[in-house]
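Single-structure report; data block below.
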2 protein chains.
Amino acid sequence: MPAGKFTQDELDQIYAFAVDLGRKAGDLLMERVEQRIDGSDAPQTFEEKENAVDIVTQTDEDVEVFIRDAIHTKYPTHKFLGEESYAKGESREYLLDAQPTWCIDPLDGTVNYTHLFPMYCVSIGFVVDNLPVIGVIYAPFQNQLFSACNGRGAWLNEKRRLPLIRNPIPPMPANAPSQCIFSCEWGKDRRDIPDGNMHRKIESFVNMAAEIGGREGKGGMVHGIRSLGSATLDLAYTAMGSFDIWWEGGCWEWDVAAGIAILLEAGGLITSANPPDDFDTASIPDVKLGSRLYLAIRPAGPSATESGRESQERTVREVWRRVRQLSYSRPGA
Amino acid sequence: MPAGKFTQDELDQIYAFAVDLGRKAGDLLMERVEQRIDGSDAPQTFEEKENAVDIVTQTDEDVEVFIRDAIHTKYPTHKFLGEESYAKGESREYLLDAQPTWCIDPLDGTVNYTHLFPMYCVSIGFVVDNLPVIGVIYAPFQNQLFSACNGRGAWLNEKRRLPLIRNPIPPMPANAPSQCIFSCEWGKDRRDIPDGNMHRKIESFVNMAAEIGGREGKGGMVHGIRSLGSATLDLAYTAMGSFDIWWEGGCWEWDVAAGIAILLEAGGLITSANPPDDFDTASIPDVKLGSRLYLAIRPAGPSATESGRESQERTVREVWRRVRQLSYSRPGA
């Protein structure tokens, strides 16, 4: 069976429900945006969570309630894990287990949303045995809906199959990370601590960016560095083939559950952001959903000398060679 | 008269032509994209210009020829300055003068385009007496067309007036750059030279990002740092009000001519990226189109204690306090 106890037919029905739910939740986001634009709603306010850049709006909470209620009505036996209800709890434990669970971010890219920068979205993941098997990501201002169901391919707006270029799917560049777009985020941990997460991230970014031969041999001369402010959309664009590499520490399972389902179904690879000591030879571990440490590589086809998977694994090692270990943890993961 | 020797009526006609031209050029970009997606076109190739991340495709050149021919036919007396024809010349001189000139980037965000990341666009600026008075920016994959004509307002898709939030237009935050989205690009100069442009940029980015009190008092704790890989779209989103601050060195007049027209018409401010020694008290100079050094602030309305312009100028000084001078120059600018 494709995913634990579910038949493909059952999964297909859940998938159709998730796509419909994603569109409705995105439309709700857009309604609020229209009210702000036409002046019928009060100016956007937000509350700070961990610090001044970790924020939540009433919209996050309202959309989460909308999604949760719809799921509880349709699938009363399924578990629900949403960013805002989780954040209100006292624990930071990883709560997913073998049960079928909806893992939801009602509004990813909340900072973008408050500023009306279009890179915000709804993220709906359905997880079975800790593996995301259905994902729906909808960015309503851009009318971009990314979706996938185990066994059914990954799609943009239900009509363009992902990755976009697939006749044939290009291998990773022979000299990766050169010729790659590297997607990464500055994140919310801005503490100016020597060797803290912010400085380790920056050191890693600079290694990826610098000319070949620079940075004591670590210069990666990537084609470009992109930061959108939405981990969810970073993953969606990696599944689409637009970003070659996404490297991130600090986000949470609801930021990535839907994106992982879409990336894997499109043929991408996702593993840990943190390089093992023997990064050149270590086996490439499967991602841990709650690890807060992610490295994704876009779908890749074969070349004359390598399988697609081989070119992805080679790229993982070339990233690991250039990045620092990040320090994010949580109980239970 | 609104712009040199042109009446408003003449400008309106040129504007209508420019919008139509922008759409047609964008459609041409999308045709090529569709051919790559359906496999009827060969895989994307590109040539390197100054280095491995400064690239040009046949599409850049074809779209520039299309735009240039259309302008020559319609306005044979106007000057034309396009990125690709300029880049083929031997000089790096600034070529704009008092004559009415079309300043064009046929494809901004070429790296994004080759990877099919949607943040690429056509940029068409019309410049009179060195001042951009008409701007059209069209990102066809997202169907986002930004446009403005001196005296006619700035618009998204010819129906949403910019900035998006205007009932009322919010002032800049009292504690800017905190609560601001800071837009910036890593750029093409990746030389790992101590105190070179790349390292000066990074030092500036980190100052803007770090917690308040960090970085020896320079920490700006911005809401977010965004890098799209398109200076043109950075400016468009600043005009839209989505980005609060855009700071950039190294791009060229064809990257910014259309965006400056749109930003100014929306009520934004644009000046030099490089802080003067007396940044706290210096007058804020008008941007020089060919300076390759740009600092843009989004449209801002009044607060109880400041005019919109005052809050923009305060923000300029707070950015200048935190950024390094960059070293880009050119003859004739």
Side-chain angles (χ1 to χ4, degrees), chain A residues 33 36-40 43-44 51-53 55 111-112 114-119 142-144 160 163-168 170 178-181 185-186 190-193 198-199 202 205-206 209-216 219 221-229 237 240-244, chain B residues 33 36-40 43-44 51-53 55 111-112 114-119 142-144 160 163-168 170 178-181 185-186 190-193 198-199 202 205-206 209-216 219 221-229 237 240-244:
Chain A
V33 166
R36 284 168 61 201
I37 290 176
D38 72 19
S40 65
Q44 180 68 54
N51 66 23
V53 301
I55 63 174
V111 166
N112 290 340
T114 63
H115 292 256
L116 292 191
F117 176 55
M119 290 286 177
Q142 320 206 90
N143 192 28
Q144 290 177 352
R160 291 186 191 268
L164 288 178
I165 303 282
R166 45 190 309 110
N167 290 318
S178 284
Q179 303 199 345
C180 289
I181 291 189
E185 301 294 342
W186 290 70
R190 306 287 183 76
R191 291 173 297 171
D192 185 25
I193 300 169
M198 183 179 73
H199 288 289
I202 292 156
F205 299 172
V206 178
E211 61 187 334
I212 301 292
R215 305 287 288 177
E216 297 176 340
M221 196 63 170
V222 295
H223 246 175
I225 294 198
R226 303 290 178 263
S227 299
L228 304 182
Y237 288 120
M240 190 155 118
S242 306
F243 292 160
D244 301 278
Chain B
V33 166
R36 283 168 61 202
I37 290 177
D38 72 20
S40 65
Q44 180 67 54
N51 67 23
V53 301
I55 63 173
V111 166
N112 289 340
T114 62
H115 292 256
L116 292 192
F117 176 56
M119 289 287 177
Q142 320 208 91
N143 192 28
Q144 290 178 351
R160 291 186 192 267
L164 288 178
I165 303 281
R166 45 191 309 112
N167 291 316
S178 284
Q179 303 199 347
C180 289
I181 291 188
E185 301 294 343
W186 289 70
R190 306 286 183 76
R191 291 173 296 169
D192 185 25
I193 301 168
M198 184 179 73
H199 288 290
I202 292 156
F205 299 172
V206 178
E211 62 187 333
I212 302 294
R215 304 287 289 177
E216 297 175 342
M221 195 63 169
V222 295
H223 246 175
I225 295 198
R226 303 290 178 263
S227 299
L228 305 182
Y237 288 119
M240 190 155 118
S242 306
F243 292 160
D244 301 278

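Lettering follows sequence order; numbering is per chain, from 1.
- Proximity to chain A involves both the backbone and the side chain of M221(B), based on heavy atoms less than 4.5 angstrom apart.
- Looking at I212(B), there are no atoms closer than 4.5 Å to chain A (heavy atoms on both sides), in backbone or side chain.
- Residue R226(B) comes nearest to I181(B) through the heavy atom pair CG-CG2, 3.5 Å, listed as atom of the first residue, atom of the second, then distance.
- Y237(A) OH to H115(B) NE2: the interatomic distance, rounded to the nearest 0.5 Å, is 15.5 Å.
- Distance check, rounded to the nearest 0.5 Å: CG of N143(B) to CG of N143(A) gives 9.5 Å.
- Of the listed residues L164(A), N167(A), I193(A), T114(A), the one with more heavy-atom pairs under 4.5 angstrom with chain B than any other is L164(A).
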| request: Check the pair D244(A) / H223(A) against side chain to side chain donor-acceptor pair (under 3.5 Å), numbers first and verdict last. | output: CA-CA 10 Å; D244(A) 301 278; H223(A) 246 175; over 6 Å; no
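- Most heavy-atom pairs under 4.5 Å with chain B, from the set A209(A), S178(A), C180(A), G39(A): that is A209(A).
- Among R36(A), R160(A), R166(A), the residue making the largest number of heavy-atom pairs under 4.5 Å with chain B is R160(A).
- Both the backbone and the side chain of V222(B) come within contact range of chain A, judged by heavy atoms closer than 4.5 Å.
- Summarising the geometry, atom CD1 belonging to I165(A) is positioned 4.5 Å from atom CG belonging to L116(B); distances are rounded to the nearest 0.5 Å.
- By number of non-hydrogen pairs under 4.5 angstrom with chain A, the leading residue of A52(B), G224(B), G229(B) is G229(B).
- Ranked by heavy-atom pairs shorter than 4.5 Å toward chain B, the options V33(A), N51(A), N112(A), D38(A) are led by N112(A).
- In this structure, the portion of Q144(A) lying under 4.5 Å from any heavy atom of chain B is its side chain and not its backbone.
- S227(B) contributes atom OG, which lies 5.0 Å from atom CD of E185(B) (distance to the nearest 0.5 angstrom).
- In this structure, the separation between CE on M198(A) and CZ on R190(A) is 8.0 Å, given to the nearest 0.5 Å.
- Only the side chain of F243(B) comes within less than 4.5 Å of a heavy atom of chain A; its backbone N, CA, C and O stay farther away.
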